[in-house]
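Everything below concerns the one structure shown next.
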Amino acid sequence: MAAIIVAATFEDGRRWVWTVAIAALPLLWVLGGFHLWRRICPLSFFSQIPRLMGRGGDRKVTGWWAGHALEVQLGVMVAALALRLLWINGSQMGLAGFLGGVALLAMGTGFVLRGKNWCNFLCPVGMVEKLYTEPSRLAGTENSQCPSCSACKAQCPDIDFEHSYWKGSGDRGHRIAYFAWPGIVFGFYFHYFLQAGTWDWYFSGDWTRESDAVGQLLSAGFFFAPAIPRAAAAPLTLLLSGAVSYGPFAVGHAAAERRAQGSAEGLPAGVEARIRHRAYALAGYVGFNLFYAFAGQPTLRAFPDGARWGVATAVVALSTMIFLRRWLRDESSFVQDKLAKKLARRWKWDDEAGDKTSTELVVLHTERVRHRKERLESYRDSVAELAREGILTEAHLNALGTVRASLGITDREHDKVVAELASTGTDLFGGAGSPEAALQRQQYRAELERIVRYATDSGGALDVAAVARLQKTFGVSEAEHQELLAALLNPGGELNDRLVEHARRLVVLGATAAHADGADEDERLFVGWICAWAGHGPAEALSTALRSAGEGGDEVNALTDPDPKRRGTAAAALLAGTLGAGEVEAEPAGLDDPERWVSRSIALLAGNPEAFVSYMVALHQVDLFAGLAPPDLGRLGDLAQTRSFGADEALCTQGDAGDEDLIILSGTPRCWSPARR
């Protein structure tokens, strides 16, 4: 937005936009990291406006476009560069209109496509940012993922930048974009010379003041070939330069592969990937430095020579640093670092992990986790997580031998872990999983669980409209939704346990209320507090809980059911009034139930109240425990004991070790010193 205002308002606005703002972007990407720019990019913000309005699209890029995204982005970039050379470089309104039009296009994409599809499949800036930084970073944040992941792209770079690179580096689009880009950069700036016959036109900045560019579209495009119009010369220069650049890089890449192959039948996958990656790193290095050989120079030439040489030296030094990091990186190192970080997250301490290398993390892990069983469990779980994210291949698993050796895990133990994972159905090398799919399901499940829990706790119906909005936000199909919902409500699932606990909470609520007839004033106040905490009458909420838990049938017989869930909900049903209190036996089954919530509630129903409620009343009156919820207060009451002391009997003596808290229920304690007794 600021660039549009500057371009439309100031006469020299075009010069500042092209030779300062745009020229500084690659430096920002390298210094701040890929994810920093993804978080602050204005075009990314415009693409997310529809989602913020609740009108975001739900379509996902598939088919040919999904498989050739970098080629599409490269084509858009070439078209934009040609448009710059032909019109918007020198037109004040043309530049403002172009920037505004791109922002509107990004926003329009957000109304149709979900997630960050503009950034991942169309924006040319996103492509160049990758070319200059993949797969390493000098600094910056770990990710730039969306708050609500819709799994809009396989191997999303916003979730795991390096994983996305290694998975896609073998694609044809990567090869074309990387190898052609240095030539396109040089061709863009060389066209100023080819058109004017001198470099003065570019370095003076006069091209930013050419207001009649549209009227010159059919004028001479090359100083040496005036018959070719500008309208054809600009795109022709860019395309030919890209082709000329692609050739040497492709030939050099092929020669490096032949040299590494020697007399062997073929290259190992790891060696082939390393050679390809280093060719990409070299192309990015050349493209970056070619860009800064020209970008910003019309403005920098107004500064002293020392300042200009200082900037040039800093640019080369910075680009060399990132180039060396990229050159020395390989996919095996990435997988080892991922495994080490996953191991670190499973530690039982928070210190010393920090932002360490895989070797340092392994040394710390070995030092802290000394028991073989714990090491094996950590290793197994971390390998399983890598498999679920689609990171592992058989070659990667073999490359983890260094990490295994540092952890003291033998090859036999490793084979046992692999066999164990295979027996549980874990596909180690299928690559079917992905970080974005795992994140999408994790986030959607948490939000769905929140909606279901709210309906259960409030005694109301499930908010169908909220669920529909949630499905659209996360891009979850109806089949996926039903699968996740079934998992949540599965009898052995976490949410189902929550529903059971909810029913048992209502048991205590109702039992306490039933006991209130003979209660004193403090107990009645306590019952009122429980009712206020529950936020509703027990019968209405219990009805919802029972329906959600899917329970029914003969509640009295269910009191002896082997399933504690059925015992708890049956007792709750009695309290809700579905059966009369007279139908409960004087000594009903279940008094010795191992589930304390169930046995206490049945005892209260049977008219045999324990001191349980009295404990809760007393504890609730203590400031230290007043903020506890009734279930937690009940568990604390389980630990309480009632004791009586004589008039001269000591509750405690100064200097003695104490391991209990005393709460005075009745009577007045006195304190005295032995010397004054």
Can you find a pair of side-chain heavy atoms, one from Val61 and one from Lys153, that are under 4.5 Å apart? no
Could you go step by step and tell me if Gln195 and Phe223 meet the side-chain contact (heavy atoms from CB on, under 4.5 Å) rule? CA-CA 5 Å; Gln195 183 174 318; Phe223 77 90; over 6 Å; no
Check the surroundings of atom CH2 in Trp64: do more than 12 heavy atoms from other residues, nucleotides or ligands lie under 6.0 Å from it? yes
So Trp87 and Leu217, side-chain contact (heavy atoms from CB on, under 4.5 Å) or not? Walk me through it. CA-CA 8 Å; Trp87 174 41; Leu217 287 178; 5.8 Å; no
Which value, rounded to the nearest 0.5 Å, describes the distance between Tyr132 atom OH and Leu28 atom CG? 14.0 Å
If you measure only the distance, is there a donor-acceptor pair under 3.5 Å linking the side chains of Tyr285 and Arg326? no
Kindly compute the distance separating CD1 (Ile88) from OG1 (Thr208), expressed to the nearest 0.5 Å. 13.0 Å
Return the minimal non-hydrogen interatomic distance between Ser150 and Gly475, and the atom names on each side. CB-N, 4.1 Å
Between Phe294 and Val185, is any pair of side-chain heavy atoms under 4.5 Å apart? no
Before giving the answer on side-chain contact (heavy atoms from CB on, under 4.5 Å), spell out for Trp118 and Leu113 the whole-Å C-alpha distance, their side-chain angles and the decisive distance to 0.1 Å. CA-CA 8 Å; Trp118 160 262; Leu113 301 175; over 6 Å; no
A side-chain contact here means heavy atoms from C-beta on lying under 4.5 Å apart; do Val76 and Pro124 qualify? yes
Are Phe34 and Trp29 an aromatic pair by the rule of ring centers under 6.0 Å? no
Okay, side chain of His174, backbone of Gly168: is any donor-acceptor separation there less than 3.5 Å? yes
Can you tell me if Arg276 uses its side chain to pair, donor with acceptor, with the backbone of Ser169 under 3.5 Å? yes
So does Asp160 get a backbone contact from the side chain of Ser164, meaning a donor-acceptor N/O pair under 3.5 Å? no
For the pair Asn89 (side chain) and Arg84 (backbone), establish whether a donor and an acceptor sit closer than 3.5 Å, ignoring hydrogens and angles. yes
Verdict with supporting geometry, Trp181 and Tyr246, side chain to side chain donor-acceptor pair (under 3.5 Å): CA-CA 8 Å; Trp181 181 246; Tyr246 179 88; over 6 Å; no
Answer yes when Glu162 and Lys338 have at least one side-chain N-carboxylate O distance shorter than 4.0 Å, and no when they do not. no
Heavy-atom nearest pair, Leu238 first then Ala82, reads CD1-N, 3.6 Å
Given the options Arg38, Arg39, His35, Ser144 meets side-chain hydrogen bond (donor to acceptor under 3.5 Å, both in side chains) only with His35
Tyr292 side chain to Leu27 main-chain N or O, any donor-acceptor pair under 3.5 Å? yes
Shortest non-hydrogen contact from Ala260 to Ile275? CB-CD1, 3.6 Å
Exercise: identify the closest heavy-atom pair between Ala69 and Phe121: CB-CD2, 3.6 Å
Any ion pair linking Arg15 and Asp206 (charged N to carboxylate O, less than 4.0 Å)? no
Looking at side-chain heavy atoms only, is the closest gap between Gln440 and Val476 below 4.5 Å? yes
Sub-3.5 Å donor-acceptor pair from the side chain of Glu436 to the main-chain atoms of Gln155, do we have one? yes
Nearest heavy-atom neighbours spanning Thr133 and Phe161: OG1-CZ, 3.4 Å
Residues 41-54, side-chain donor-acceptor partners within the protein, below 3.5 Å, at least two apart:
{"residue": "Ser47", "atom": "OG", "partner": "Ser44", "partner atom": "O", "Å": "2.7"}
{"residue": "Gln48", "atom": "OE1", "partner": "Arg51", "partner atom": "NE", "Å": "2.8"}
{"residue": "Gln48", "atom": "NE2", "partner": "Gly115", "partner atom": "O", "Å": "2.9"}

Can you confirm whether Phe190 sits close enough to Leu194 that some side-chain heavy atom of one is under 4.5 Å from a side-chain heavy atom of the other? yes
I want to know whether Trp199 and Tyr192 have ring centres closer than 6.0 Å. no
Indicate yes or no: at least one non-hydrogen side-chain atom of Val128 is less than 4.5 angstrom from one of Met77. yes
Side-chain contact, heavy-atom cut-off 4.5 Å: Val244 with Phe186? no
Under 3.5 Å, is there a donor-acceptor pair between the side chain of Trp207 and the main chain of Tyr202? yes
Do Asp171 side-chain atoms and Gly173 backbone N/O form a donor-acceptor pair below 3.5 Å? no
The side-chain hydrogen bond (donor to acceptor under 3.5 Å, both in side chains) partner of Glu134 among Tyr165, Tyr280, Tyr178, Trp166 is Tyr178
If you look at every heavy atom in Asp158 and Asn143, which pair is closest and at what distance? O-CB, 3.0 Å
NE2/His277 to CD/Glu272 distance, rounded to the nearest 0.5 angstrom? 14.5 Å
Please report the interatomic distance CD(Glu129) to CD(Gln73), rounded to the nearest 0.5 Å. 10.5 Å
Taking the side chain as everything from C-beta on, heavy atoms only, tell me whether Phe179 gets closer than 4.5 Å to Ser245. no
Set out, in order, the CA-CA distance, both residues' side-chain angles and the distance that settles side-chain contact (heavy atoms from CB on, under 4.5 Å) for Leu122 and Thr109, then state yes or no. CA-CA 9 Å; Leu122 193 57; Thr109 303; 4.2 Å; yes
Any donor-acceptor pair under 3.5 Å from Arg325 side chain to Ser136 backbone: no
Can you see whether Arg175 engages His253 through a side-chain donor-acceptor pair at a distance of less than 3.5 angstrom? yes
Donor-acceptor pair, Asn120 side chain versus Asn117 backbone, under 3.5 Å? no
Rounded to the nearest 0.5 Å, how far does CG of Asp58 lie from SG of Cys152? 12.5 Å
Can you tell me how far apart CZ (Phe193) and CZ (Phe203) are? Round to the nearest 0.5 Å. 11.0 Å
Would Asp337 and Arg329 count as a salt bridge (charged side-chain N to carboxylate O under 4.0 Å, His left out) here? Give the steps. CA-CA 11 Å; Asp337 283 351; Arg329 189 67 168 170; 3.0 Å; yes
